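So the structure is just underneath, and the comments pick up after that.
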Amino acid sequence: MATAKESRVLPEIDMAHLPQHIAIIMDGNGRWAKRRGLPRTAGHISGTKTFRTIAKYCQSIGIRYLTVYAFSTENWKRPQEEVDTIMRLLGEKLEELIASMVEDKVRVKFFGDVSVLSPRLRALIDRTAELSRSIVDGCQVNICVNYGGRAEIVRAAQRWAEMVKSGTENELDEAGFGALLYSADIPDPDLLIRPGGEQRLSNFLPWQTAYTELYFTDVLWPDFDRSELHRAIAAYQQRNRRYGGL
């Protein structure tokens with residue numbers, strides 16, 4: 001339920017025609033902290049609270065898929081303290097998800113090479129996968145960790161080459177290639193939201209976003225609330241999605 005503050009500013013949206021799949025680049029945590037004279041890690045802590053709020057709200061209004069960019073293949077270049085904080089927060093949030101995902105009817109899937117993560121994180125990821133198999137309806141949250149779009153495409157090409165070499169496949173089309181991506185069996189995003197003021201994809205879902213509607217906002221991720229999500233959906237509902245046609 002929206003707060004009194006949000007109720008005054010929520011734009012009108014057609015709840016009967018919501019995007020099926022929303023993707024979000026959760027950007028601006030570090031700048032949010034810097035503007036407040038805080039360490040960058042404080043921004044990530046605040047950003048995880050925003051993720052929880054937005055994920056629960058998407059589930060409550062009927063968004064079927066939410067995909068978030070949590071940690072890219074390039075993010076390992078950041079200061080070790082920041083990387084350690086992000087990984088610790090990921091573990092804490094996974095524990096919270098595990099405790100409530102069945103009751104909340106939220107499935108969780110991970111995109112990216114999780115083999116390099118700590119044994120504890122891999123065990124938590126395995127647990128979310130196990131619980132997700134028992135959840136039939138509800139929202140699916142896809143968390144991109146150690147994810148890079150180009151790396152995903154290369155991985156899919158390597159898998160296809162192995163299949164050809166083994167004699168199990170010999171022709172390639174878009175559907176067959178898409179089935180080898182992390183997002184297999186998941187519809188492409190209808191709407192991609194990037195808070196934080198930057199206007200680029202940053203190696204996020206390049207294959208899947210070929211016809212996705214893009215929405216950019218200067219609002220930093222820790223300040224992104226339900227009213228901002230409504231603004232993005234309202235803008236999306238004004239678009240005419242022609243997919244190359246008229």
Side-chain angles (χ1 to χ4, degrees), residues 21-27 29-30 33 39-60 63-149 151-152 155-156 159 180-186 189 202-205 208 221-222 224:
H21 184 177
I22 294 177
I24 303 178
I25 299 175
M26 302 184 294
D27 193 20
N29 292 333
R40 289 177 59 86
T41 52
H44 293 299
I45 292 170
S46 184
T48 59
K49 296 176 182 177
T50 298
F51 162 70
R52 180 70 171 168
T53 297
I54 295 301
K56 290 186 71 174
Y57 189 57
C58 283
Q59 193 272 346
S60 71
I63 302 298
R64 293 190 60 195
Y65 301 94
L66 173 66
T67 301
V68 296
Y69 209 1
F71 193 85
S72 76
T73 49
E74 291 75 33
N75 287 155
W76 296 107
K77 302 173 186 175
R78 295 188 176 187
Q80 190 61 48
E81 180 184 4
E82 183 174 348
V83 171
D84 290 344
T85 297
I86 293 171
M87 293 301 159
R88 175 177 61 79
L89 290 170
L90 175 60
E92 291 174 359
K93 291 305 168 185
L94 283 178
E95 289 176 341
E96 291 179 9
L97 280 170
I98 287 170
S100 63
M101 57 190 290
V102 173
E103 180 179 351
D104 292 344
K105 295 184 178 180
V106 174
R107 300 185 306 278
V108 179
K109 184 173 182 178
F110 281 81
F111 294 179
D113 179 8
V114 300
S115 66
V116 301
L117 302 181
S118 69
R120 172 175 175 266
L121 281 177
R122 295 200 306 272
L124 289 171
I125 288 170
D126 289 344
R127 180 58 176 155
T128 62
E130 178 185 349
L131 289 172
S132 293
R133 285 191 286 271
S134 67
I135 302 171
V136 178
D137 298 317
C139 179
Q140 176 166 318
V141 177
N142 307 307
I143 303 175
C144 298
V145 177
N146 195 30
Y147 172 87
E152 178 185 26
R155 170 182 173 273
R159 292 180 66 192
L180 299 175
L181 299 172
Y182 293 118
S183 57
D185 302 321
I186 297 171
S202 296
N203 202 18
F204 182 50
L205 305 176
Q208 296 88 341
W221 176 245
F224 193 92

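Not measured: the values here are computed from a predicted model.
Side-chain atoms of Asn146 do not come within 3.5 Å of backbone N or O of Gly112 as any donor-acceptor pair. Checking side-chain atoms of Thr53 against main-chain N and O of Lys49 turns up a donor-acceptor pair under 3.5 Å. Put simply, the side chain of Ser183 never gets that close to the backbone of Ile186: no donor and acceptor are under 3.5 Å apart.
Among Asp126, Leu117, Ile125, Val141, the single residue meeting the side-chain contact (heavy atoms from CB on, under 4.5 Å) criterion with Phe110 is Ile125. Gln140 pairs in a side chain to side chain donor-acceptor pair (under 3.5 Å) with only one of the listed residues (Arg107, His21, Lys105, Arg64), which is Arg107. Among the candidates Leu90, Ile86, Leu89, Asn29, the single residue satisfying the side-chain contact (heavy atoms from CB on, under 4.5 Å) test with Thr48 is Leu89.
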inquiry  = Show, in sequence, the C-alpha distance, side-chain angles and deciding distance for Ile24 and Trp221, and conclude whether the side chain to side chain contact (heavy atoms under 4.5 Å, CB included) test is met.
reply    = CA-CA 10 Å; Ile24 303 178; Trp221 176 245; 3.7 Å; yes
request  = Could you please spell out the steps behind the side chain to side chain contact (heavy atoms under 4.5 Å, CB included) verdict for Met101 and Arg127?
outcome  = CA-CA 11 Å; Met101 57 190 290; Arg127 180 58 176 155; over 6 Å; no
message = Quick one, Thr128 with Leu94, criterion side chain to side chain contact (heavy atoms under 4.5 Å, CB included). Give me CA distance, side-chain angles, the key distance, then yes/no.
response = CA-CA 8 Å; Thr128 62; Leu94 283 178; 4.0 Å; yes
ask   = Is there a side chain to side chain contact (heavy atoms under 4.5 Å, CB included) between Thr67 and Phe204 once you walk through the steps?
value = CA-CA 10 Å; Thr67 301; Phe204 182 50; 4.1 Å; yes
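Side chains of Glu95 and Arg120 form a contact here, defined as non-hydrogen atoms less than 4.5 Å apart. Within the 4.5 Å cutoff, the side chain of Ile143 has heavy atoms near those of the Val108 side chain. For the pair Lys77 and Val83, the minimum side-chain heavy-atom distance is 4.5 Å or more.
Note that CD of Glu152 is 11.0 Å distant from OG1 of Thr73, once rounded to the nearest 0.5 Å. Put simply, CD1 on Ile54 and CG on Leu66 are 8.5 Å apart, with the number rounded to the nearest 0.5 Å. Rounding to the nearest 0.5 angstrom, the gap separating the CZ atom in Phe224 from the OG1 atom in Thr50 is 9.5 Å. Rounded to the nearest 0.5 angstrom, Ser202 OG and Ile25 CD1 are separated by 5.5 Å. Here the CD atom belonging to Gln59 is positioned 6.0 Å from the CG atom belonging to Asp104, to the nearest 0.5 angstrom. Considering CD1 of Ile135 and CD of Glu103, their distance stands at 11.0 Å, rounded to 0.5 Å.
Applying the 6.0 Å contact sphere to CD of Gln80 captures more than 12 heavy atoms from other residues, nucleotides or ligands. More than 12 heavy atoms of other residues, nucleotides or ligands shown are found within 6.0 angstrom of CD on Glu74.
What you find for Leu124 and Gly91 is that their closest heavy atoms are CD1-O, 3.7 Å. Residues Lys109 and Tyr182 approach most closely at NZ-O, 3.0 Å, considering heavy atoms. Contact record, Glu82 with Arg78: OE2-NH1, 3.0 Å, taken as the closest heavy-atom pair. Across every non-hydrogen atom of Pro222 and Gly43, the tightest pair is CG-O, 3.9 Å. Heavy-atom minimum distance, Gln208 versus Leu181: NE2-CD1, 3.9 Å. Between Arg155 and Leu180, the shortest heavy-atom distance links the atoms NH1-O, 3.4 Å.
Ring pair Tyr147/Phe111 is tilted by interplanar angle, where 30° to 60° counts as tilted.
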